[in-house]
Amino acid sequence: MTWSLERPIRVGSTTFAAIVETEISARNTFSYLRFAGQKRPRVVLIAWEHRIKAIDLKGRVLEAGDVDVRYPGAIAQLSALV
């Protein structure tokens, strides 16, 4: 499973981006290969006035350190884009 930072959306002076996890699988089923993929949002990042807030899909605010442990570099990527 891999993660990526989706293309940010800017609304006024606030920028929103989602961290999504992507999973791709392949199966050999007799005479053909079957591929499947899933993309699931995990965290929403909100950036404004040199601050970034991370919120998971259950509405819990996450600490920047926790986000960096699970998704290394995601906050830095968003900071570079803002």
Side-chain angles (χ1 to χ4, degrees):
M1 192 168 323
T2 62
W3 68 269
S4 63
L5 186 68
E6 289 296 296
R7 192 169 134 218
I9 298 170
R10 185 178 294 267
V11 179
S13 62
T14 305
T15 303
F16 299 88
I19 297 174
V20 298
E21 287 183 347
T22 305
E23 184 176 6
I24 299 171
S25 61
R27 281 177 130 166
N28 184 357
T29 314
F30 298 107
S31 61
Y32 61 91
L33 285 174
R34 188 168 87 176
F35 293 93
Q38 286 186 328
K39 201 175 205 182
R40 293 181 296 263
R42 292 297 182 206
V43 177
V44 175
L45 299 176
I46 305 166
W48 75 104
E49 298 178 1
H50 306 293
R51 293 185 288 177
I52 295 179
K53 182 176 258 188
I55 302 171
D56 71 6
L57 294 182
K58 293 182 179 179
R60 296 178 294 213
V61 176
L62 304 173
E63 297 294 324
D66 295 335
V67 174
D68 266 339
V69 166
R70 182 147 180 132
Y71 308 104
I75 292 176
Q77 284 180 32
L78 182 59
S79 294
L81 296 172
V82 175

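Residue indices begin at 1 and follow the sequence shown. Quick caveat: nothing in here was measured; it's all calculated off a predicted structure.
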May I ask whether [X] and [Y] are part of the same hydrophobic cluster, defined by side-chain heavy atoms of I, L, V, M, F, W, Y residues being less than 4.5 angstrom apart, directly or through others?
X     : Y     : value
Trp48 : Phe16 : yes
Val11 : Leu5  : no
Ile52 : Val43 : yes

Exceeds 12 heavy-atom contacts within 6.0 angstrom, atom CZ of Arg34:
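Not more than 12 within 6.0 Å, no.
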For atom CD1 of Ile9, is the number of surrounding heavy atoms from other residues, nucleotides or ligands below 6.0 Å larger than 12?
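Counting neighbours around CD1 of Ile9, 12 or fewer heavy atoms of other residues, nucleotides or ligands fall under 6.0 Å, so no.
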Which residue pairs satisfy the side-chain hydrogen bond (donor to acceptor under 3.5 Å, both in side chains) criterion with at least one member in residues 8-17, sequence neighbours excluded?
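Listed once each, the pairs would be none.
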Taking atom [atom1] of [X] and atom [atom2] of [Y], what is their separation to the nearest 0.5 Å?
X     : Y     : atom1 : atom2 : answer
Leu45 : Lys53 : CG    : NZ    : 12.5 Å
Thr2  : Glu23 : OG1   : CD    : 9.5 Å
Asp56 : Leu62 : CG    : CG    : 5.0 Å
Ile19 : Arg42 : CD1   : CZ    : 11.5 Å

Give every donor-acceptor pair under 3.5 Å between a side-chain atom in residues 64-82 and any protein atom, sequence neighbours left out.
from: Arg70; atom 1: NH2; to: Glu21; atom 2: OE2; distance (Å): 3.2
from: Tyr71; atom 1: OH; to: Glu21; atom 2: OE2; distance (Å): 3.2
from: Ser79; atom 1: OG; to: Ile75; atom 2: O; distance (Å): 3.0

